[in-house]
Engineer: 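Following this message is one structure expressed as structure tokens.
As the structure is a computational prediction, the values presented were derived from the model and not from experiment.
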Amino acid sequence: MDTHKVGSDTTVLADSLEIPGIGHIPVNAYVLTAAEPVVVDTGLSIADRNFVNTLGSVIDPADVLWIWLTHPDRDHTGGIFDLLVAAPRAKVVTTFIGAGIMTTERALPMDRLYFLNPGQSLDVGDRMLRAFRPPLFDNPATVGFYDEKTRICFSSDCFGGPMPTAELAESGHANDLKPEELRQAQLLWASLDSPWVHVVDPDKFRTTIDPIRDMAPEIVLSTHLPPAVRMTASMTDTISMAPDADPFVGPDQAALEQMLASFEPGGLPAAT
């Protein structure tokens with residue numbers, strides 16, 4: 001995992017996953033060093049990741065008071081139980097349905113929960129974090145937020161896009177891609193991660209983008225995109241096109257068998 005600052009008091013804890021045929025998907029968590037420090041999501045649920053150790057290079061985990069779980073998918077919850085031990089004063093900001101989904105694997109302790117719905121706000125001492133439902137999402141519990149002090153929008157999965165390299169996914173900026181490359185990456189991700197967008201009323205969907213336009217954030221921080229600075233207008237224009245983009249069609253069994261046949265025993269690609 002790579003850590004780097006964005007804005008005055010926000011740090012990216014950056015990771016990524018390679019998806020064959022798609023690219024390198026960023027998987028970001030964030031630390032907001034507010035008066036009451038906030039950790040936003042807790043990384044991948046993969047055994048070789050040590051989220052709390054990485055977090056410790058940015059802030060003493062014992063100082064964390066809030067863990068904002070944008071939604072309870074496994075690429076957002078990897079370190080949450082270890083962090084609850086390391087941060088004994090922290091509460092998990094989630095929703096009723098978010099906490100319920102977590103119980104299907106391992107329940108969050110009820111006395112550590114703080115339920116917050118879209119449209120409500122969280123006071124973290126020196127600023128208000130205003131919760132909202134991002135236009136694109138793959139989980140009904142998704143809640144992002146806008147930091148009024150720094151003008152940063154934390155958008156969860158919305159605005160994501162695969163990157164061509166792991167280095168760009170973990171250490172780059174969305175601005176590093178050419179505009180058309182970024183547009184295509186974000187439309188691919190929208191179709192892959194939020195396939196429902198192709199069957200909704202396009203006009204009604206586009207009204208859900210307006211709150212982000214009204215925020216006019218200086219920086220957008222998505223779980224699945226490198227930091228995007230002063231790109232809100234172009235990125236909202238892009239996701240407004242999502243209902244009309246080509247639906248994603250994944251590999252079928254024949255493609256899987258072809259892929260497996262290209263590997264040598266032991267899981268290595270055959271020499272070419």
Side-chain angles (χ1 to χ4, degrees), residues 1-16 24-43 55 58-59 66-71 76 93 118 121-122 124-137 142-163 167-179 181-183 185-186 189-190 193 208-240:
M1 297 179 70
D2 180 75
T3 63
H4 51 276
K5 291 287 292 290
V6 57
S8 60
D9 55 13
T10 304
T11 302
V12 186
L13 280 61
D15 205 345
S16 67
H24 297 264
I25 303 296
V27 183
N28 300 318
Y30 299 98
V31 180
L32 176 58
T33 50
E36 299 178 8
V38 184
V39 171
V40 185
D41 291 328
T42 61
L55 176 66
V58 177
I59 187 174
W66 301 100
I67 304 166
W68 190 298
L69 186 62
T70 66
H71 64 280
H76 297 252
V93 181
S121 298
L122 180 68
V124 294
D126 59 348
R127 71 199 70 187
M128 299 295 290
L129 307 181
R130 303 208 175 276
F132 74 101
R133 172 68 49 78
L136 293 170
F137 54 89
T142 301
V143 181
F145 68 89
Y146 177 63
D147 176 354
E148 292 186 334
K149 181 177 181 179
T150 61
R151 295 187 59 203
I152 294 178
C153 172
F154 294 79
S155 66
S156 193
D157 284 9
C158 188
F159 297 113
M163 297 291 107
E167 181 180 10
L168 182 55
E170 297 183 24
S171 304
H173 288 79
N175 317 57
D176 295 334
L177 289 184
K178 295 178 180 178
E181 291 176 330
L182 179 61
R183 184 183 302 275
Q186 290 184 310
W189 179 254
D193 194 57
T208 69
I209 305 173
D210 292 339
I212 296 181
R213 290 194 172 109
D214 293 340
M215 292 174 197
E218 183 78 9
I219 300 172
V220 173
L221 297 180
S222 169
T223 305
H224 300 303
L225 188 77
V229 181
R230 292 186 291 276
M231 301 183 71
T232 303
S234 62
M235 295 200 308
T236 52
D237 286 348
T238 291
I239 64 169
S240 73

Engineer: Which side-chain N or O atoms in residues 219-226 pair as donor and acceptor under 3.5 Å with protein atoms at least two apart or in another chain?
Structural biologist:
residue	atom	partner	partner atom	Å
S222	OG	S156	O	3.0
S222	OG	C158	O	3.1
S222	OG	H224	N	3.1
T223	OG1	S156	O	3.4
H224	ND1	P26	O	2.7
H224	NE2	D75	OD2	3.1
H224	NE2	D157	OD1	3.1

Engineer: OH of Y146 to CZ of R130: how many Å apart, nearest 0.5 Å?
Structural biologist: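 It comes to 10.0 Å.
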
Engineer: Do V40 and V31 have side-chain heavy atoms sitting under 4.5 Å apart?
Structural biologist: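 Result no, sub-4.5 Å side-chain heavy-atom pair not found.
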
Engineer: Under the salt bridge (Lys or Arg N to Asp or Glu O under 4.0 Å) rule, what pairs show up with a residue in residues 168-177, not counting sequence neighbours?
Structural biologist: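 Of all non-adjacent pairs touching residues 168-177, none passes salt bridge (Lys or Arg N to Asp or Glu O under 4.0 Å).
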
Engineer: With no hydrogens and no angle check, is any side-chain donor or acceptor of R127 less than 3.5 Å from a backbone partner on D147?
Structural biologist: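 Judged by distance alone, no pair lies under 3.5 Å.
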
Engineer: Would you say the side-chain atoms of T33 and D9 include a donor-acceptor pair closer than 3.5 Å?
Structural biologist: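 There is no such pair (donor and acceptor under 3.5 Å, judged by atom type) between the side chains of T33 and D9.
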
Engineer: Answer whether the closest heavy-atom distance between the side chains of V124 and W66 falls below 4.5 Å.
Structural biologist: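 Contact flag for V124/W66 side chains = yes.
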
Engineer: How many angstroms lie between OG1 in T11 and CG in L32, if you round to the nearest 0.5 Å?
Structural biologist: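 Here the interatomic distance stands at 9.0 Å.
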
Engineer: Atom CG in L136, atom CD in Q186: separation rounded to 0.5 Å?
Structural biologist: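 If we round to the nearest 0.5 Å, L136:CG and Q186:CD are 9.5 Å apart.
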
Engineer: In Å, rounded to the nearest 0.5 Å, how long is the span from CG of L129 to OG1 of T150?
Structural biologist: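 One finds 8.5 Å between CG of L129 and OG1 of T150.
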
Engineer: With sequence neighbours excluded, tell me which residues meet salt bridge (charged side-chain N to carboxylate O under 4.0 Å, His left out) with K149.
Structural biologist: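 Listed in chain order: D126.
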
Engineer: Is the number of heavy atoms from other residues, nucleotides or ligands within 6.0 Å of CD (E148) greater than 12?
Structural biologist: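 More than 12 within 6.0 Å, yes.
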
Engineer: P118: what forms a side chain to side chain contact (heavy atoms under 4.5 Å, CB included) with it, not counting sequence neighbours?
Structural biologist: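 Residues passing side chain to side chain contact (heavy atoms under 4.5 Å, CB included) with P118: R133, V143.
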
Engineer: Testing V38, N28, T10 one by one against F154 for a side chain to side chain contact (heavy atoms under 4.5 Å, CB included), which residue passes?
Structural biologist: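 Going through V38, N28, T10 one by one, the side chain to side chain contact (heavy atoms under 4.5 Å, CB included) with F154 is satisfied by T10 alone.
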
Engineer: What is the minimum heavy-atom distance between P162 and W189, and which atoms define it?
Structural biologist: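 So the minimum-distance heavy-atom pair works out to CD-CB, 4.2 Å.
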
Engineer: Checking side chain to side chain contact (heavy atoms under 4.5 Å, CB included) between I67 and each of V93, T42, D41, which is the one that passes?
Structural biologist: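 Going through V93, T42, D41 one by one, the side chain to side chain contact (heavy atoms under 4.5 Å, CB included) with I67 is satisfied by T42 alone.
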
Engineer: Does a side-chain heavy-atom distance below 4.5 Å link H4 with D2?
Structural biologist: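 The answer is yes; the side chains approach within 4.5 Å.
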
Engineer: Do the side chains of I239 and P135 get nearer than 4.5 Å, heavy atoms only?
Structural biologist: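 They are in contact (side-chain heavy atoms under 4.5 Å apart), so the answer is yes.
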
Engineer: What heavy-atom pair brings W68 and G144 nearest, and what distance separates the two atoms?
Structural biologist: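 Of all heavy-atom pairs spanning W68 and G144, the closest is CZ2-O, 3.7 Å.
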
Engineer: For residues 229-236, which side-chain N or O atoms pair as donor and acceptor with protein atoms under 3.5 Å away, sequence neighbours left out?
Structural biologist:
residue	atom	partner	partner atom	Å
R230	NH1	E218	OE2	3.0
T232	OG1	P217	O	2.9
S234	OG	M231	O	3.0
T236	OG1	T232	O	2.8
T236	OG1	A233	O	3.0

Engineer: R183: what forms a salt bridge (charged side-chain N to carboxylate O under 4.0 Å, His left out) with it, not counting sequence neighbours?
Structural biologist: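 Result, salt bridge (charged side-chain N to carboxylate O under 4.0 Å, His left out) vs R183: E180.
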
Engineer: What distance separates T208 OG1 from D210 CG, expressed to the nearest 0.5 Å?
Structural biologist: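 That separation rounds to 8.0 Å.
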
Engineer: What are the two closest non-hydrogen atoms of V6 and V12, and how far apart are they?
Structural biologist: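 That would be CG1-CG2, 3.7 Å.
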
Engineer: At what distance, to the nearest 0.5 angstrom, does CE of M1 lie from OG of S16?
Structural biologist: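 Rounded to the nearest 0.5 Å, the CE-OG separation comes to 10.0 Å.
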
Engineer: Starting from the C-alpha separation in whole Å, work towards a yes-or-no answer on side chain to side chain contact (heavy atoms under 4.5 Å, CB included) for L177 and M163.
Structural biologist: CA-CA 9 Å; L177 289 184; M163 297 291 107; 3.6 Å; yes

